[in-house]
A.B. asks: 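To start, I am sharing the structure in question, which I have written as structure tokens.
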There are 2 protein chains.
Amino acid sequence: MVTDPGTTADGTIQLLWGLREGPTRGPKPVLSLERIAQAAVDLADAEGLAAVSMQRVAADLDFTKMSLYRYVTGKDELVAAMIDLAVGEPPALGELPGTGWRPRIEAWVRLLGQTWEAHPWLPWVTMGDRVMGPNETAWTELLAAVLARTGLTVTERMSLARMLGGHVRTTMSVSTAGTQPWVNPRQAALLREHADRFPTLRAMLDDDLTPPPDNGRDFGLRLILDGVERLIAARAG
Amino acid sequence: MVTDPGTTADGTIQLLWGLREGPTRGPKPVLSLERIAQAAVDLADAEGLAAVSMQRVAADLDFTKMSLYRYVTGKDELVAAMIDLAVGEPPALGELPGTGWRPRIEAWVRLLGQTWEAHPWLPWVTMGDRVMGPNETAWTELLAAVLARTGLTVTERMSLARMLGGHVRTTMSVSTAGTQPWVNPRQAALLREHADRFPTLRAMLDDDLTPPPDNGRDFGLRLILDGVERLIAARAG
DNA sequence: GGAAACAGTATCTGTAGGACACAGTTGGCT
DNA sequence: AGCCAACTGTGTCCTACAGATACTGTTTCC
């Protein structure tokens, strides 16, 4: 399994984009890529990404481990299939509220965030250079369509798109959102102990440390989009 | 090894913060945590995070695998030590240029980015809830000190700090920056093939697709900080 | 109806993290 | 000075993982 900046293999592309030619002869396949990917997603959702092994996914389906290799060339392909399945189809452009680019971007971020929250392992697995599957590409297409009318250059739009996706990821650590304080209790204890080295952080501890339930997603998005508005205004005027 | 949202173990905290009491009797230790962590960092820098195994790190030091466990309770601790070593000490507040918060934030992002570029595996390993080591905490303290004079609330400053760190991570995929196009060649081929489903992305392919060498880091930062300025101005006025 | 093409299985290999018992080394205490 | 407890690094073992390969049984085209 690749944990490093991954180059997507050709086979994975064929898999995701339905380019694998189906055979005619031979026994009817009992399994399917969809069932396998779904089982893996369910497992990751329930017990975390570390629980997803070929063995375990196969066991959940009541098959042997090696049978999975008839549908996926390796674990990397399985993960790629998991991603596209978990991400799912984006809404249609018309379903996004309002007509301007700003409410539409806000909706895109909100909806993508909601989708991701259901699969907390996605941030770990969508990093690095990959070839996106159809669903992921469709989400990007949707955002690109929204951004097309901002008047930004293509490069700027791509920077912004990457940034917005990253912002969803950054504000995703759901485990602590809303309930636990920003700063880990043990981290807080360390800050108090070393107050001389970290006076500013130490002082911040005395404030209310309950993070907003969205981990600052809305706040950050507002900053970004205000910046976009200012850029557009500066060019227009 | 934990690839999931990791809760830092107590032992790791003791390790990072120098709370492990040294023994008096017994043979002189030949190895040290620093040597081990340094070897692991060198290895990760040269051959990627996947190459870092207990076996391999030990071999690079000409020791057996199990000897490492005298200094680290497990691989998680090793990785934690790697992070704090790789991140290193931040500059002093006085070394940041200018006096206002804006140039200082810009400098913080630039310097942290430079540090990270030398260790491309850091993004993968610094995700999720962790207890930060002293160096990482010092970087955060520095940023917090800079943000203290923005007039933002504590919650807003924490959101912004998290966001800025995330922005560095998001714009870190160095592999493609400056040289290869934004869009993977194979991804581009797929977009051309499915131009009907992805018309906007398809159209963008005809533009110049060479990403800026900083992956849009400066552009994104400008948007964020413009947003901060607008927020401050709105409250002042 | 036979042979090629396939699906799922059984078995094996290499590598990973880590537990455990050991041999040799050092310092404190009597 | 000597002895024992405490320690360092080693050797061996176990379990879990991804994956290769050879197999058995099934399907369909010729």
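Everything quoted here is computed from the prediction, not taken from an experiment. Each chain gets a letter, A, B and so on, in the order the sequences are listed, and its residues count up from 1.
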A.B. asks: Should Lys28(A) be listed as having a side-chain N or O under 4.0 Å from OP1 or OP2 of dT28(D)?
C.D. replies: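 Answer yes for this pair, as a side-chain N or O of Lys28(A) is under 4.0 Å from OP1 or OP2.
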
A.B. asks: Round to a whole Å and report the spacing from CD1 of Ile36(B) to P of dG17(C).
C.D. replies: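 To the nearest whole Å, that distance equals 14 Å.
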
A.B. asks: Can you tell which of dT8(D), dG25(D), dG8(C) lies closest to the side chain of Pro27(A)?
C.D. replies: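 From the listed options, dG25(D) comes nearest.
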
A.B. asks: Send over the distance from Met54(A) CE to dA20(D) P, rounded to a whole Å.
C.D. replies: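 Roughly 11 Å, once rounded to whole Å.
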
A.B. asks: Once the angle between the rings of Trp17(B) and His194(A) is folded into 0 to 90°, is it parallel (under 30°), tilted (30 to 60°) or perpendicular (over 60°)?
C.D. replies: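 Aromatic pair Trp17(B)/His194(A) classed tilted.
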
A.B. asks: Counting the atoms with a prime plus P, OP1 and OP2 as sugar-phosphate, which does Met66(A) contact under 4.0 Å by heavy atoms, base, sugar-phosphate, or nothing?
C.D. replies: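 Here Met66(A) touches the bases of the nucleic acid.
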
A.B. asks: Pairs under 3.5 angstrom only: tabulate donor-acceptor contacts from the side chains of residues 48-62 of chain B to other protein residues two or more places apart or in another chain.
C.D. replies:
{"unit_1": "Ser53(B)", "atom_1": "OG", "unit_2": "Arg56(B)", "atom_2": "N", "d": "3.0"}
{"unit_1": "Arg56(B)", "atom_1": "NE", "unit_2": "Asp60(B)", "atom_2": "OD1", "d": "3.2"}
{"unit_1": "Arg56(B)", "atom_1": "NH1", "unit_2": "Glu47(B)", "atom_2": "OE1", "d": "3.1"}
{"unit_1": "Arg56(B)", "atom_1": "NH2", "unit_2": "Glu47(B)", "atom_2": "OE2", "d": "2.9"}

A.B. asks: I need the minimum non-hydrogen distance between Ala86(A) and Trp121(A), along with the two atoms involved.
C.D. replies: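 Taking every non-hydrogen atom into account, CB-CH2, 3.7 Å.
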
A.B. asks: Taking all heavy atoms of Arg162(B) and all of Thr171(A), pick out the closest pair and write down the distance.
C.D. replies: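 Where Arg162(B) meets Thr171(A) most closely, the heavy atoms are NH1-CA, 4.3 Å.
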
A.B. asks: Tyr71(B) has an atom OH; how far is it from atom C1' of dG18(C), in whole Å?
C.D. replies: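 Roughly 18 Å, once rounded to whole Å.
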
A.B. asks: Looking at the side chain of Arg25(B), which of dA20(D), dG17(C), dG27(C) is the nearest nucleotide?
C.D. replies: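 Side chain of Arg25(B) sits closest to dG27(C).
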
A.B. asks: What is the distance, to the nearest angstrom, from the CG atom on Leu43(A) to the P atom on dC17(D)?
C.D. replies: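 So the CG-P distance, Leu43(A) to dC17(D), works out to 11 Å.
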
A.B. asks: Over how many whole Å does the gap from Arg56(A) atom CZ to dA16(D) atom C1' extend?
C.D. replies: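 Rounded to whole Å, this separation is 13 Å.
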
A.B. asks: Side-chain N or O of Lys65(A) less than 4.0 angstrom from OP1 or OP2 on dA10(C)?
C.D. replies: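 Negative; the distance criterion is not met.
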
A.B. asks: Could you tell me how far apart Tyr69(B) (OH) and dG11(D) (C1') are, to the nearest whole angstrom?
C.D. replies: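 Atom-to-atom, Tyr69(B) to dG11(D), this comes out as 15 Å.
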
A.B. asks: In terms of side-chain heavy atoms of Arg70(B), which of dG9(D), dC17(D), dT10(D) is nearest?
C.D. replies: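 Between dG9(D), dC17(D), dT10(D), the one nearest the side chain of Arg70(B) would be dG9(D).
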
A.B. asks: Can you find a side-chain donor-acceptor pair between Thr170(A) and Arg169(B) that sits under 3.5 Å?
C.D. replies: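 No, no side-chain donor-acceptor pair sits under 3.5 Å.
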
A.B. asks: In whole Å, what is the span from the CG atom of Leu68(A) to the P atom of dA10(C)?
C.D. replies: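 In whole Å, dA10(C) P and Leu68(A) CG are 14 Å from each other.
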
A.B. asks: How many whole angstroms separate atom CG of Leu78(B) from atom C1' of dA16(C)?
C.D. replies: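 Going from Leu78(B) (CG) to dA16(C) (C1'), I get 14 Å.
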
A.B. asks: Decide yes or no, distance alone: a donor-acceptor N/O pair under 3.5 angstrom between the base of dG18(C) and the side-chain of Lys75(B).
C.D. replies: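 Side chain to base: no pair present.
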
A.B. asks: For Gly26(B) and for Val30(B), find the nucleotide of DNA chain D with the closest heavy atom, then tell me which residue's nucleotide is more 5'.
C.D. replies: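 The 5'-side residue here is Gly26(B).
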
A.B. asks: Side chain of Thr24(A): nearest nucleotide among dG19(D), dC29(D), dC17(D)?
C.D. replies: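 Out of dG19(D), dC29(D), dC17(D), the nucleotide with an atom closest to Thr24(A)'s side chain is dC29(D).
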
A.B. asks: Quick check on DNA chain C: between Ser67(A) and Gln55(B), whose nearest nucleotide comes earlier from the 5' end?
C.D. replies: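 The residue whose closest nucleotide sits nearer the 5' end is Ser67(A).
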
A.B. asks: Identify whether any heavy atom of Ser53(A) sits under 4.0 Å from a base atom; if not, whether one sits that close to sugar-phosphate; answer base, sugar-phosphate or nothing.
C.D. replies: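 Sugar-phosphate only.
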
